[in-house]
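All remarks here apply to the structure that follows.
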Amino acid sequence: GGGPSPHPPAGCPQRRLGPRERRDLQREILAVLGLPGRPRPRAPPAAARLPASAPLFMLDLYHAMAGDDDEDGGPRERGLGRADLVMSFVNMVELDRTLGHQEPHWKEFRFDLTQIPAGETVTAAEFRIYKLPSTHPLNRTLHVSMFEVVREQANRESDLFFLDLQTLRAEDEGWLVLDVTAASDRWLLNRNKDLGLRLFVETEDGRSVDPGLAGLLGRRAPRSKQPFMVTFFRESPNPTRVPR
Amino acid sequence: AVRSLRRRLPKKSNELPQPNKLPGIFDDAHGSHGRQVCRRHELYVSFQDLGWLDWVIAPQGYSAYYCEGECSFPLDSCMNATNHAIVQSLVHLMKPDAVPKACCAPTKLSATSVLYYDSSNNVILRKHRNMVVKACGCH
C-alpha cells in the first residue's frame, strides 16, 4: 500500500513482487472489492466529460454513505444505510408519443438490467427526471404517473403495471423522483430483459399532456439534467425482496 | 509456575486503549523479547498506486490497517483479550510446545464504500463491510 509499511524483522529478506505476482495481487483485491477487472474504455469525447446527472447524484450518495461507514455493524437504519450496493442506470433509449400523435401522450425510457448482480435484493428503486417550469399555458396542477411496460402488444396498447403517481404544479422546477421499486419483482424473473418505464402527464380534469410541454426533460436535456434510475440493493441469501 | 513479574504492574488505566496503541504489561509498546504487543498498524490500499483510478471514481484509496504483535501472558484488560485467550496464553506458558499463544486479530471492523463505473458506464456505489480494522486484540 501507499502508507509507511512496517520494516520486516532483521534477516527477513524483503521480497519484491514480480509483475505477474503484482497482477495476481491486484486481481485478488479487485475480486474482494467487486470491481470490474479491466480499465474503463478510452476517455469519452470532451462533450461527454461534462458532469452527468447520474455520477453527480451517486457522488453525493457516496459522501453520505462513506460518512456512516464507521457505524458499520450498528442498527441498520432504513434506506441508504441498509444498502450494500447502489446502482445508477443511465437511460438508453427514449420513445416519445408527443403532440401530433394520438392520445394519450407519453415518454418511455429503457434501462439495461443485465449488469444487476445475482443474489442481491432490491430494497428501493427510483426514477429521477428533471422538470423545468412549463412554458405553456397549462392548468396549474399536473399529475405525473409512472408505469412499467410489462408486455408490448402489436395491435393494441401495451400491458402496463402502475408504479407511482406524483402531483405537482406547472411552474415547479427541480428533480422529480418516482418510486419504481414495485417493478423490481419482475427483474429477478427475467434479468436479461430491458426495463421499460412509461411516464404520463395529465391535467386536473384528466386531459393528456405532452410530458415535454409540461417541462419534463428527456435524453436531449443537458447531461447534468438527463433522466436516470437508481436502485438500492442489499445482499441477501434468498432472492425474494423484503416487502417495503 | 508463572514467571515472576519483572516490574510492578502499572496502575490499571480504565480508559479504552487507543486503537493503534495497546499497552501490555510494559509501559512501552514492546512485549517480551522486544516484540511489539498486539496492536493496530497502518496499511493503506492505494487505488492510485494500483492504477485503478480510470474506473474508480472515489476514494483514491483507503486505510485498511492490520493487527500484529505479541499476545504474551498476562493479557491485561488493555489488550482487548477474550477470557479464552487469557487462559490459552497461561497454558502456553506451561506447555509452549503443545498450545500456541493467542492470536493478535481484529476485534472491531468497519466498512468502506467505493464508487466506480461498470462496463456499461453505469455508476455503482458498493459498501464493503468488515474491510477496515478499527481495533485489535488477542483471541
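Chain letters run A, B, ... following the sequence lines, proteins first, then strands; residues in each count from 1.
Ring geometry for F228(A) versus F57(A): interplanar angle of 30 to 60°, hence tilted.
Only the side chain of I57(B) comes within contact range of chain A, with heavy atoms under 4.5 Å apart.
If you run ring pair (Phe, Tyr, Trp, His ring centres under 6.0 Å) between F147(A) and each of F109(A), F162(A), F161(A), only F162(A) comes through.
Heavy-atom pairs under 4.5 Å with chain A peak, among A64(B), S63(B), P59(B), G61(B), at P59(B). Your options are I124(B), V132(B), V114(B), and the one with the most heavy-atom pairs under 4.5 Å with chain A is I124(B).
Cysteines C136(B) and C67(B) are disulfide-linked, with SG atoms closer than 2.5 angstrom.
Side-chain contact of Q226(A) with Y130(A): a donor-acceptor pair under 3.5 Å is absent, judged by distance alone.
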